[in-house]
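Report on the following structure.
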Protein chains: 2
Amino acid sequence: MATIYDVAKAAGVSPKTVSRVLNGDAPVKKETLDRVQQAISQLGYVPSSAARTMRSNKSGLIGLITGAISMNANAIDTSGLPDLFIVQGIQKAIESSGKTLLIADTGGKTERVPDLIRTFEEHRVEGIIYVADFHQQVSLPRIGSDIKLVLANCYDDRATPSVLPHDRQGQYALVRSLIAKGHRRIAYLSLSPNLDATRERTAGYREALTEAGLAFDPELVVPAEIESPDRETAVQLLWDAIDRVLTLPEPPTVICFGNDRMAMRAYGILRSRGLNLPGDISVAGYDNYRLITETLYPTLTSAELPYAAIGIRATQLLLKLLDGEAPPDKPILVSGPVTPGGSVRELPRPITKLSTVGRKST
Amino acid sequence: MATIYDVAKAAGVSPKTVSRVLNGDAPVKKETLDRVQQAISQLGYVPSSAARTMRSNKSGLIGLITGAISMNANAIDTSGLPDLFIVQGIQKAIESSGKTLLIADTGGKTERVPDLIRTFEEHRVEGIIYVADFHQQVSLPRIGSDIKLVLANCYDDRATPSVLPHDRQGQYALVRSLIAKGHRRIAYLSLSPNLDATRERTAGYREALTEAGLAFDPELVVPAEIESPDRETAVQLLWDAIDRVLTLPEPPTVICFGNDRMAMRAYGILRSRGLNLPGDISVAGYDNYRLITETLYPTLTSAELPYAAIGIRATQLLLKLLDGEAPPDKPILVSGPVTPGGSVRELPRPITKLSTVGRKST
DNA sequence: CTCGGTTATGACACCGATGTCATGACACCG
DNA sequence: CGGTGTCATGACATCGGTGTCATAACCGAG
């Protein structure tokens, strides 16, 4: 591979002049510049980032730690939206920054993280983004202070800068939209109650009810998933939870599920009970996992879990830190919109407006 | 960040001795070794791969070009299995090799590929794996001969080493398994006929028929997808194709679809015609995209598109090339098994065995 | 004509590893 | 005891860029 010296010799100038042509950081006579550029393209010269890194002590590399790539295959049993979307957001945001992304996959084994960090340190990455597969607390090994760290979809107890989904706001907005469609009995079949997301979202659910002056009925809120269940167990739990709310004296008119995958399963379960969607019962999911929400019939109403935006925000945050900006003192919360689908029916308003009776949601 | 000189000073030895400790390439007195190791951990010293790369002219980096990460989100309309699974296989295979993977995503724009290659060249990657999102011919810009190139899920006209799915074998095995279950009228609603995969698979379909002494009926083979359709068009095309084969004088007992996603849509369409799965009609997919095959009810019989294996094979091939082995003279074909699901019914054998009448497939 | 300032270029050192060669201390053998 | 080989270690150059400083050519003002 050609070096800057080869180019210099071919163009009959000093290496430093070639360097100036490459970086445009000092005036070069037009004629010399042409000769150098010709030599460069003739030799197919590409500067070595290793040499640059050595001299400048800046690698231009950003490290990314994730399990998104390896886990995507086995992710059939897991709960939610693939964290790959976060990676995607990061990728997009880094693209325009001139940095290069070094992706390391944990293969789902967190014990490999120290090794990955080590590799990043060897490559002198300027910053690291750690991506978790769902909203959770993490604990990473300490990293040399000259490497900036940002957590995406997770947080720790050392106030490391982090970017999180605004789960409370998401569920709040979703339930609010259901109420706007005339629903008053709103069931919530949540994910495992131990999850941060579940706590936040339940709070959002209650907040929306309170705001609308609706009473909170604990019978309508049923955890319908546990962490890392097998397929069979998941279906059983879900079946039971659905049965429980449907057989209440005053059953719900709409059921919210902890994620779109649960809702997808519910479509089958509800229909096997002879229910028509959304005529007899409305359904809402969470995540807006388009593969599901847009493919199902009717399309599924869902609150967006803004993973791509989280990735982008996390990257922007990291780039700012690298620029010397001060870290924020609390996690950055990213909100997402509600995507309406055909799975939620607009209910006739019992008293107020007779004109809307029988109208279907669009 | 500490350097080897800092460590040397702290341990009271020369940098070269520290280097020997790091690489274990020459004997070091036990006592010296201890002192050096202590200095290393005290200073948190991590060697710089940039400096190593400069000296040895070996970066230990492998470049990966793919659209898998960015395209996964928008991949709702696209046909098949996410190529991310290939990336995953590569990741896994590289893990044990001591190399580091540099992943560059095209963002779906092939015109960005030269830039990505340029970045890889700057980082002096030892090899590049190019991953295509479906079995196809590609044409990459030329790369300096000191960088080895391997194509995964694609091939070119310059005999670049490549690894491809064995589509013919896959469809052959699938149809063979259907015949084994007693099916004689087997429809094939394929992907776009312009695809390499479709040509290969159709050949495999015919091969299996011929082998079983069944006549090939062109009416039973209908292209039911075009390239990059919108959702609406895709559904219409599929609906029409299904209608066409079901209204034949002698309709099929089983329909094979070009991929699992088509089969997933077909579940809804077939049921809306009042058909029972698999009682009235059997269904088979292609890809074994587990998110679909295992979530559908009944689970979907599908031929596996061995993407992870393709990734692994491509990586192994590249590592061998880096080791100086000669490239193979033709593409490496990777076969996959058939994964039986509940969507294919075992037909009663009209004459042979009465005892199997009414028995369902497991 | 001379001087201060700009333009264009090169010499040289340095970034952090490691290969090469040299050196000193021993041990062993004849 | 001297020669030879092994062990343990260090001095120095080198990889490919770029920052610093020096230098030469040139220009216009006084």
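Both backbone and side-chain heavy atoms feed into the values below; hydrogens, waters and symmetry mates do not.
For the pair B:D25 CG and C:dT20 C1', the interatomic distance rounds to 13 Å; values are reported in whole Å. Rounded to whole angstrom, the span from the NZ atom of A:K29 across to the C1' atom of C:dG10 amounts to 14 Å. Between the P atom of C:dA8 and the CD atom of A:E31 lies a distance of 12 Å, rounded to the nearest Å. What separates CD of B:E122 from P of D:dG16 is a distance of 15 Å, to the nearest Å. Nucleotide D:dA8 holds its C1' atom 12 Å from the CG atom of B:L33, rounded to whole Å. In this structure, B:K58 atom NZ and D:dG16 atom P are separated by 15 Å, rounded to whole Å. B:M54 has its CE atom 13 Å from the P atom of C:dT18, to the nearest Å. If you measure from atom CD1 of A:I4 to atom P of C:dA11, you get 14 Å, rounded to the nearest angstrom.
Other residues, nucleotides and ligands contribute more than 12 heavy atoms inside 6.0 Å of the CD atom of B:Q137. Residue B:E31 qualifies as open at atom CD: its count of foreign heavy atoms under 6.0 Å is 12 or below.
For the residue pair B:R313/B:Q316, the side-chain donor-acceptor check at 3.5 Å is satisfied. Checking A:Y130 against A:N153 by side-chain atom types alone, no donor-acceptor pair falls below 3.5 Å.
At the heavy-atom level, B:T53 lies nowhere under 4.0 Å from the strands shown. Across all strands, A:N57 comes closer than 4.0 Å to no nucleic acid atom at all (heavy-atom distances). B:R55 comes within 4.0 angstrom of a base, heavy atoms only. Nucleic acid contact class of A:K16 (heavy atoms, under 4.0 Å, all strands): base. Backbone-only contact: A:T32 has heavy atoms under 4.0 Å from sugar-phosphate atoms and none from a base.
Of the candidates C:dG10, D:dG17, D:dG10, the closest approach to any side-chain atom of A:S14 belongs to C:dG10. Listed nucleotides D:dT18, D:dA8, D:dG16 differ in distance to A:T3; the shortest reach to its side chain belongs to D:dG16. Nearest nucleotide to the A:Y5 side chain, out of C:dA8, C:dT9, D:dG17: D:dG17. Distances were taken from every side-chain heavy atom of B:V13 (C-beta onward) to each of C:dA17, D:dG17, D:dG10; the shortest belongs to D:dG10.
Under the 4.0 Å criterion applied to side-chain N and carboxylate O atoms, B:K148 and B:E126 are not assigned as salt-bridge partners.
As the counterpart of D:dG30, C:dC1 is assigned, both hydrogen-bonding distances of the Watson-Crick or G-U wobble pattern falling under 3.5 Å. Pair assignment for D:dT18 gives C:dA13, based on Watson-Crick or G-U wobble hydrogen-bonding distances that are each under 3.5 Å.
In terms of position on DNA chain D, the residue among B:A51 and A:V18 whose nearest nucleotide sits closer to the 5' end is B:A51. The residue among B:G12 and A:R20 whose nearest nucleotide of DNA chain D lies closer to the 5′ end is B:G12.
Checking each of B:L318, B:V131, B:I312 against B:I90 for a side-chain contact (heavy atoms from CB on, under 4.5 Å) leaves exactly one that passes, namely B:V131.
The phosphate of D:dG17 has OP1 or OP2 within less than 4.0 Å of a side-chain N or O from B:R124. Between A:S19 and the phosphate of D:dT18, there is a side-chain N or O to OP1/OP2 separation shorter than 4.0 Å.
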